[in-house]
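Worksheet for the structure shown next.
We count ligands from 1, going down the list as the structure has it; atoms in each ligand are counted the same way.
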Amino acid sequence: MTQEAQTEPQSDTLEVQPDQFRVLVVDNDKAHAMTMAESLERIGFVCTVATSGPEGAEQIMSQPFEIVVTDLVMNDIDGMEILRLAKENRPNCEVIVVTGHATVSTAVTAMQHSALNFLEKPLTPDKLRAAALKAAETIQLKRQNSELMRRLDEKFGFEGLIYSSSKMGQVVQRLQRIAPTDASVLILGETGTGKEVVAQAIHQNSPRKKKPFVPLNCAELSEHLLESELFGHAKGAYTDAASERIGRLEYANGGTLFLDEIGDMPMATQVKLLRVLESSEITRVGENKPIKINVRLISATNCNLEDAITAGTFRSDLYHRLRIVTVQLPPLRERPDDILPLFDHFLKMFAKKHDKKIRGIDRTVYQRCLEYDWPGNVRQLRNFAESMVVLDLDGTIGLDDLPPELIQDGDDLTPPAEPKPTVSANGELTSMVGQPISEVEKWLIAETLKSTGQNREEAAKLLGIGERTLYRKIKEYGLRGD
Ligand SMILES: Nc1ncnc2c1ncn2[C@@H]1O[C@H](COP(=O)(O)OP(=O)(O)OP(=O)(O)O)[C@@H](O)[C@H]1O
């Protein structure tokens with residue numbers, strides 16, 4: 001999950017479209033300013049010209065520009081001041097400084113003030129255009145990065161956690177206080193309660209969010225492999241270590257390491273991990289050179305570590321080091337208000353994934369979800385939702401799509417031949433949505449006739465149509481009418 005997130009492909013390519021960029025050209029030599037603007041306009045940039053420093057300053061304060069090209073030496077307000085003003089008031093703007101009087105010290109000062117480029121006169125159109133295109137590309141790249149961060153926030157931030165129970169509301173409030181700090185966090189909860197998504201959300205809301213989030217499940221590997229994964233190893237450290245390898249602790253440097261199922265970590269590895277946490281240094285297996293690291297540790301377990309300490313399988317010094325703050329995730333059965341929002345969320349997600357149209361959900365299905373005790377918690381609910389979407393034939397999640405655990409004696413498991421009305425969690429009639437109007441009308445007439453014991457006069461009255469119209473429709477739809 002994490003790998004996918006960190007390397008999510010960028011959908012937009014980096015092709016620069018100059019007409020998307022507004023350029024301010026500032027030069028008190030009017031002819032030179034016009035020439036620069038013209039040569040940028042020829043390749044599509046949208047230019048505004050200011051022929052003095054004060055005019056340039058006024059433009060920056062009153063209009064948004066993506067790029068500023070400014071001469072360095074001007075009366076009143078010089079190019080350095082324009083650079084400073086632009087960076088202060090338009091932080092996303094890129095500035096190109098042009099000068100006929102370049103000295104090393106002015107160039108250095110300009111760069112210190114984040115000028116993107118420092119161009120010397122005489123300026124050829126090609127040189128100027130290349131600099132402007134480079135500025136546009138830099139801006140576009142920054143925009144794409146912030147869009148990517150926004151998408152990560154949406155997927156893995158607190159926004160990605162679905163809940164409506166007050167119990168989870170309290171947990172999220174606690175997470176919001178914990179996330180910005182560097183404190184080690186121990187997340188406790190039954191299997192499938194969302195410990196990994198919560199760890200990811202903590203990372204995504206921390207100052208470390210631009211650095212890696214690295215998960216490692218301590219239960220899946222032998223002691224030997226776990227240590228090699230955690231600390232890395234030198235070439236030849238083992239018979240099968242053909243090349244050197246960076247460990248997850250080193251890979252997570254600057255970011256967050258998430259150790260899942262920490263209760264399953266062998267005692268010998270626990271000692272080594274504790275040493276790393278105390279010294280902030282690791283030593284790769286087979287090497288003796290320590291490497292400084294700065295990693296936030298989040299760990300999780302579904303077992304009782306205090307019992308494990310009493311049983312002698314977990315070190316109490318490591319336990320206290322890990323649990324600077326703890327987060328307890330309640331099982332799903334203790335937060336029933338979360339069941340339907342999560343169920344709806346997963347149905348939507350899997351309908352998209354499997355390219356299925358879900359028009360409605362039978363009310364009984366919701367009831368069964370609410371009555372069940374979910375021993376596998378959110379993961380089980382997610383798996384059930386996926387299986388229901390995959391099995392569905394008629395666009396309505398009904399009893400015929402239920403997994404065996406939710407079926408009760410006497411359930412009619414045959415898929416309905418005709419579309420039936422169903423309701424959503426908030427009581428709206430939904431299953432007819434997406435059906436042709438004729439199908440809806442046919443169903444409505446048949447049901448009304450049924451409810452009136454096939455009395456056409458009464459049915460026509462209820463439907464608000466004439467008896468003759470009703471008769472015509474009965475024939476048209478092939479309804480027997482008796
Ligand atoms: N509040 C939530 N909102 C959205 N999805 C959730 C939520 N809680 C859990 N999930 C989803 O449920 C599944 C199980 O969650 P996760 O892997 O985080 O559980 P876990 O407690 O770490 O499980 P385990 O103890 O088995 O490692 C994941 O697919 C996760 O995306």
Taking distance alone, with no angle check, do Glu261 and ligand 1 share an N/O pair under 3.5 Å?
-> no
For Gly192 and ligand 1, answer yes if some heavy atom of the residue is under 4.0 Å from a ligand atom, otherwise no.
-> yes
Give the C-alpha distance, both sets of side-chain angles, the deciding distance and a yes or no for salt bridge (charged side-chain N to carboxylate O under 4.0 Å, His left out) between Lys134 and Glu137.
-> CA-CA 5 Å; Lys134 181 178 161 206; Glu137 202 177 281; over 6 Å; no
Which pairs of donor and acceptor atoms, one on a side chain in residues 179-192, lie under 3.5 Å apart (sequence neighbours left out)?
| unit_1 | atom_1 | unit_2 | atom_2 | d |
| --- | --- | --- | --- | --- |
| Thr181 | OG1 | Ile178 | O | 2.7 |
| Thr181 | OG1 | Ala183 | N | 3.3 |
| Thr181 | OG1 | Arg296 | NH2 | 3.3 |
| Asp182 | OD1 | Arg208 | NE | 2.9 |
| Asp182 | OD1 | Arg208 | NH2 | 3.2 |
| Asp182 | OD2 | Arg208 | NH2 | 3.3 |
| Glu190 | OE1 | Arg333 | NH1 | 3.3 |
| Glu190 | OE1 | Asn377 | ND2 | 3.1 |
| Glu190 | OE2 | Arg333 | NH2 | 2.5 |
| Thr191 | OG1 | Arg379 | NH1 | 3.4 |

Return a yes/no value for Ile162: is any of its N or O atoms, backbone included, closer than 3.5 angstrom to an N or O of ligand 1?
-> yes
Neighbour count above 12 (heavy atom, 6.0 Å) for Met61 CE = no
Check: Arg382 N/O within less than 3.5 Å of ligand 1 N/O | yes
Side-chain H-bond candidate by donor/acceptor type, Glu227 with Thr269, under 3.5 Å | yes
Kindly confirm or rule out an N or O of Val197 lying under 3.5 angstrom from an N or O of ligand 1.
-> yes
Give a yes or no on whether Asp373 atom CG has more than 12 heavy-atom contacts from other residues, nucleotides or ligands under 6.0 Å away.
-> yes
Atoms in ligand 1 flagged as close to Gly160, the criterion being non-hydrogen separation under 4.0 Å = 3 (N), 4 (C)
Which part of Asp260 is near ligand 1, with near meaning a heavy atom under 4.0 Å away: side chain, backbone, both or neither?
-> side chain
Which is closest to atom 5 (N) of ligand 1 in terms of heavy atoms, Phe258, Tyr163, Phe346?
-> Phe346
Counting heavy atoms only, which of Val378, Thr193, Thr191, Thr301 comes nearest to atom 10 (N) of ligand 1?
-> Val378
Per-atom contacts of ligand 1 with Leu342, taking only distances under 4.0 Å to non-hydrogen atoms = 2 (C), 3 (N), 4 (C)
For Lys357, does the NZ atom have more than 12 heavy-atom neighbours from other residues, nucleotides or ligands under 6.0 Å away?
-> no
Can you spot which of Val172, Val171, Leu342 makes a side-chain contact (heavy atoms from CB on, under 4.5 Å) with Tyr163?
-> Val172
